[in-house]
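Numbered from 1 within each chain, the chains take letters A, B, ... in sequence-line order.
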Amino acid sequence: METKKKKVFPVRKLDAEEYFAPGHRACEGCGEVLALRLIHKALGPNVIVASATGCMEIISSPFPYTSWEVPWIHVAFENTAAVAGGIEAGLKVLQRKAKREKKKIVVVAMAGDGGTADIGLQALSGAMERGHDFIFICYDNEAYMNTGVQRSSLTPLGASTTTSPAGACQHGQTVWKKNMMAIAAAHYIPYIATVSPSYPMDLVEKVTKAANIKGPAYIHALSVCPPGWGISSSETVKLGRLAVETGVFPLYEIEKGKYRVTVNVEKLKPVEAYLQPQARFRHIQSDLDLIARISYRVQTYWERLKAKAARA
Amino acid sequence: MRNHQGMEVSFAAAEAVRLCNVDVVAAYPITPQTHIVERLSKYVADGKMDAEFVPVESEHSALSLCIGSSAVGARSFTCTSSQGLALMNEIVYLVPALRLPIVMILANRSLSGPLSIWNDHSDVMSVRDTGWIQLFAENGQEVFDHVMIAYKIAENENVLLPVIINMDGFILSHMFEPIELTGQEAVNTYLPSYRPRFILHPDRPVTMGAYTMPTLFTEAKKAQEEALLASYPYILQAWKDWGTLCGRVYHPVETYYTEGAETLFVTMGSIGETAGEAVRLLREQGQKAGLVKLRLWRPFPLEDFLREIGSAQRLIVIDRALSPGGPGGGPVAGEIRAALYNRENRPQVFNFIAGLGGREVTVGSFQEMFVSSVSGKASGYQIFGVRG
Amino acid sequence: MPKADFEYLWDELEPGCVITEPGNSRSFYTGDWRAFSPVLEKESCIKCGTCWIFCPDMAYQKNEKGYYIADLNYCKGCGICAAECPTGAIHMEKEKEI
């Protein structure tokens, strides 16, 4: 075979409209804004978005510019789920009291990994528990990139960040990544899914599902960050793919408690294939013990996931 | 026919919120605010109020949620106290910046520590500079009336600012008082539906909460400051209209026995009633005492205040909070001294920090303060009644 | 196109600094960040739109002949399109020194 074997996507299935305008200030090759763009293609125009402070907020709303084609509000860092809850409650009561025309409007809350799993976790838990009809999207680039790559609870084990640096006594992040999917699942909300912009059709399908399900939905989008992860800007989509192919970030959904692996991988690639291209893992390349621990963890999680899906 | 009913002030406050046809209530329980939210949730449960009652997981989320609901155009209400206000502090600043007409009742309580559930004004003083319109109620009737008045002010298209109604914890919140309830029709006439300037809606997408660079932040803050100052005539108008409707007339600065007074007490909140009784007794004894009560705290009614203190020789300012390490006692006295600085023949200012954490302030307390001020024994400021 | 932020007087701001023109960042060109430009060889292009799907800067637009062409006003030169093109029809070229 002369040409590289690469997948061609059914481009017509994607909305040709853009709901997020060019001229935004994201870094070149930003996987987060790519995820955001594709997610909003799935959501369409009838949405209201509440955003946490973070990369996507900063790159999209430097006054007097906005990249948002849809109604959007930013209030603070940790409260986006509560703001979205208010939007949802407000729309519901105004429509019920006939102060607004009845119309389906999807309420979306968006935050980075810090705004989701660290400082925003309480508001998110509250909003999921109360059952607001909304989608929470975690754009997970695995550290506080906006403030200069500090570690969060979603930074993976071994990754070097500015507050989990690699040094003589420490191999970067010292603890495992928090399992946000399990936390969302513990709230028994109707829809939970991981997505990756490297798999655009899978992403669109899941976000569409989340928008149509009544009640809270949680979407966890792995958002490759070239400067934070130390890769070339052209490798964003490839890295996202490797995360799935190695099992580091499996694509799956939990719909009303039923697990389904949406992108099956026949045989996982070794995790080194994912770790090796990234500068944040450079210092652990020769730490075979640590890599073995990561590999074991990934393998175990993948098998448990498949077992849960098989039971469903 | 006047319709007075005996009821707990918190329930009167909840009744006023119901009469205002509030759309969204978000609150987290904290003593002494709880009776308001309990009553509101019961109204919703009983179908007596068509609102979304959202029992949030923190005060931070309570106000955040109100921002979301207000941004889509829903009339939104929250209430809190003390630690709850401290927890929501970050968000308190954002509401006037976003120009959202949220109304909050603050059942004033001291801030920990040590922990105290009792009344003082340390909570509200912590949000002095947040840009909210801030009002003080002296009794239950004023709390009830000011819920309607607050929405009338807040939602005025020329104002669009949030309002805090201060209500002393326990002293008002848990007091049983005769309240004249206003009828639903009268409230509907007084308070039309909220017509927001901007809302979050797909039909006309807007971006709210964009960030600014140093090249614009100053202008944004100036616009916010001007909006707060410009709210003053609309506050007066809202009081005037309420007076026309109910016969109860309110002013930014209320006075009692100020004519010919040489010594004036300056109070805020429920302590004004006690001070008034002390003044009446002092007058009976032939003392030229009077009382000035600040109903409006932000925007500060400077001209009204200067006019009402007339040519008094001394002011006895009662602060219900301490400004530790500050140059002169409590926050209210500090502001009043600043307000007087450029005035010729300015009065002497005595400052008593009184009633911290629920410590009782009696008629006798005011008489003591009067005596020590007039006799010249009192210094610049002192913590009244402290042992040792 | 909105005027620059430093041109606003305080009383020209909408209440709450609301921005009323959706998507007005279109008038802010990010193309000058670019060090490399995508170059399309039309002979190898199968018009599949992969470049359009994966462009984080919404730079690609379909022309009347069905080709996806990068708008260099927005393209930041990340190179994802070249890396992901299934037929290798796009390559990156260094921007000429000015």
Side-chain angles (χ1 to χ4, degrees), chain A residues 19 44-51 53 57-58 60-97 99-101 103-107 109 122-130 132 134, chain B residues 21-26 28 44 50-76 78 88 90-91 93-95 97-98 100 102 193-195 198-213 215-217 219-220:
Chain A
Y19 301 96
N46 289 320
V47 297
I48 298 176
V49 185
S51 173
T53 312
E57 174 257 327
I58 290 293
S60 68
S61 69
F63 187 92
Y65 291 100
T66 179
S67 297
W68 291 96
E69 304 280 10
V70 292
W72 180 88
I73 184 169
H74 160 252
V75 183
F77 197 177
E78 66 286 67
N79 66 346
T80 185
V83 175
I87 293 169
E88 186 258 1
L91 289 176
K92 190 157 74 176
V93 67
L94 290 174
Q95 294 191 6
R96 186 172 70 224
K97 288 164 104 169
K99 291 184 182 179
R100 292 277 186 286
E101 207 179 307
K103 179 174 186 169
K104 182 175 164 61
I105 299 171
V106 178
V107 179
Q122 177 177 317
L124 169 58
S125 174
M128 290 196 292
E129 169 268 325
R130 291 189 301 270
H132 292 288
F134 82 124
Chain B
N21 195 15
V22 163
D23 298 309
V24 174
V25 177
Y28 185 83
V44 172
D50 191 359
E52 286 295 305
F53 180 86
V54 191
V56 284
E57 82 296 334
S58 75
E59 287 88 355
H60 194 282
S61 282
L63 192 55
S64 299
L65 197 131
C66 285
I67 287 181
S69 56
S70 186
V72 295
R75 186 170 283 163
S76 305
T78 189
M88 66 165 67
E90 178 200 21
I91 308 305
Y93 282 83
L94 283 149
V95 184
L98 290 162
L100 297 171
I102 296 165
S193 297
Y194 170 38
R195 295 190 192 286
F198 299 111
I199 53 165
L200 295 170
H201 196 280
D203 288 351
R204 192 186 162 208
V206 296
T207 288
M208 293 184 180
Y211 80 92
T212 60
M213 295 299 282
T215 35
L216 195 93
F217 185 80
E219 283 67 31

Would B:Val72 and A:Arg100 count as a side-chain contact (heavy atoms from CB on, under 4.5 Å) if you check the C-alpha gap in whole Å, the side-chain angles of each, and the deciding distance to 0.1 Å?
CA-CA 10 Å; B:Val72 295; A:Arg100 292 277 186 286; 5.7 Å; no

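- Per-residue heavy-atom pair counts under 4.5 Å with chain B were compared for A:Glu129, A:His132, A:Lys92, A:Gln122, and the maximum is reached by A:Gln122.
- Crowding of B:Arg204 atom CZ: a count of heavy atoms from other residues, nucleotides or ligands under 6.0 Å not exceeding 12.
- Atom-to-atom distance recorded for B:Met208:CE and A:Ile48:CD1 is 9.0 Å, nearest 0.5 angstrom.
- Taking every heavy atom of both residues into account, B:Leu94 and A:Ala76 meet most closely at CD1-CB, 4.0 Å.
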side-chain contact (heavy atoms from CB on, under 4.5 Å) for A:Lys103 and B:His201? Distances and angles first, verdict last.
CA-CA 10 Å; A:Lys103 179 174 186 169; B:His201 196 280; 4.3 Å; yes

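- If you measure heavy-atom distances from A:Leu91 to chain B, the contacts under 4.5 Å come from both the backbone and the side chain.
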Determine whether A:Glu88 and B:Glu52 satisfy the following criterion, side-chain contact (heavy atoms from CB on, under 4.5 Å), listing intermediate values before the conclusion.
CA-CA 10 Å; A:Glu88 186 258 1; B:Glu52 286 295 305; 5.7 Å; no

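- Scanning all heavy atoms of the two residues, the minimum distance from B:Asp50 to A:Lys97 falls at O-NZ, 2.7 Å.
- The greatest number of non-hydrogen atom pairs below 4.5 Å with chain A, out of B:Ile67, B:Thr215, B:Val206, is found for B:Val206.
- Counting heavy-atom pairs closer than 4.5 Å to chain B, the top residue among A:Asn46, A:Ile58, A:Val47, A:Thr80 is A:Ile58.
- Only the side chain of B:Ala71 has a heavy atom closer than 4.5 Å to any heavy atom of chain A.
- Within the 4.5 angstrom heavy-atom criterion, only backbone atoms of B:Ala51 (N, CA, C, O) approach chain A.
- Looking at B:Ile199, the atoms closer than 4.5 Å to chain A (heavy atoms on both sides) all sit in the side chain, from C-beta outward.
- Of the atoms belonging to A:Val49, not a single heavy atom falls under 4.5 Å from chain B.
- Note that CG of B:Leu65 is 9.0 Å distant from CD1 of A:Ile87, once rounded to the nearest 0.5 Å.
- A:Pro62 touches chain B through backbone and side chain together, each having a heavy atom under 4.5 Å away.
- Using a 4.5 Å cut-off between heavy atoms, A:Ala89 touches chain B through backbone and side chain atoms alike.
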Working note: B:Asn21 + A:Lys99, criterion side-chain contact (heavy atoms from CB on, under 4.5 Å); need CA distance, chi angles, decisive distance, verdict.
CA-CA 12 Å; B:Asn21 195 15; A:Lys99 291 184 182 179; 3.9 Å; yes

Ignoring hydrogens and angles, write down the donor-acceptor pairs under 3.5 Å from the side chains of residues 67-75 of chain A, residues two or more places apart or on other chains.
{"from": "A:Ser67", "atom 1": "OG", "to": "C:Ser25", "atom 2": "OG", "distance (Å)": "2.8"}
{"from": "A:Trp68", "atom 1": "NE1", "to": "A:Ser60", "atom 2": "OG", "distance (Å)": "2.8"}
{"from": "A:Glu69", "atom 1": "OE2", "to": "C:Arg26", "atom 2": "NE", "distance (Å)": "3.2"}
{"from": "A:Glu69", "atom 1": "OE2", "to": "C:Arg26", "atom 2": "NH2", "distance (Å)": "2.4"}
{"from": "A:His74", "atom 1": "ND1", "to": "B:Gly209", "atom 2": "O", "distance (Å)": "3.2"}
{"from": "A:His74", "atom 1": "NE2", "to": "A:Thr53", "atom 2": "OG1", "distance (Å)": "2.7"}

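- Contacts between B:Leu200 and chain A at a heavy-atom distance below 4.5 Å involve backbone atoms as well as side-chain atoms.
- No part of B:Val25 comes within reach of chain A, as not one of its non-hydrogen atoms sits under 4.5 angstrom from that chain.
- A search for side-chain contact (heavy atoms from CB on, under 4.5 Å) contacts involving B:Ser61 returns A:Ala82, A:Ala123, B:Val56, B:Glu57, B:Ser58, not counting sequence neighbours.
- For the atom pair A:Leu94 CG and B:Arg75 CZ, the distance stands at 11.0 Å (nearest 0.5 Å).
- Residue A:Phe63 holds its CZ atom at 10.5 Å from OG1 of B:Thr207, rounded to the nearest 0.5 Å.
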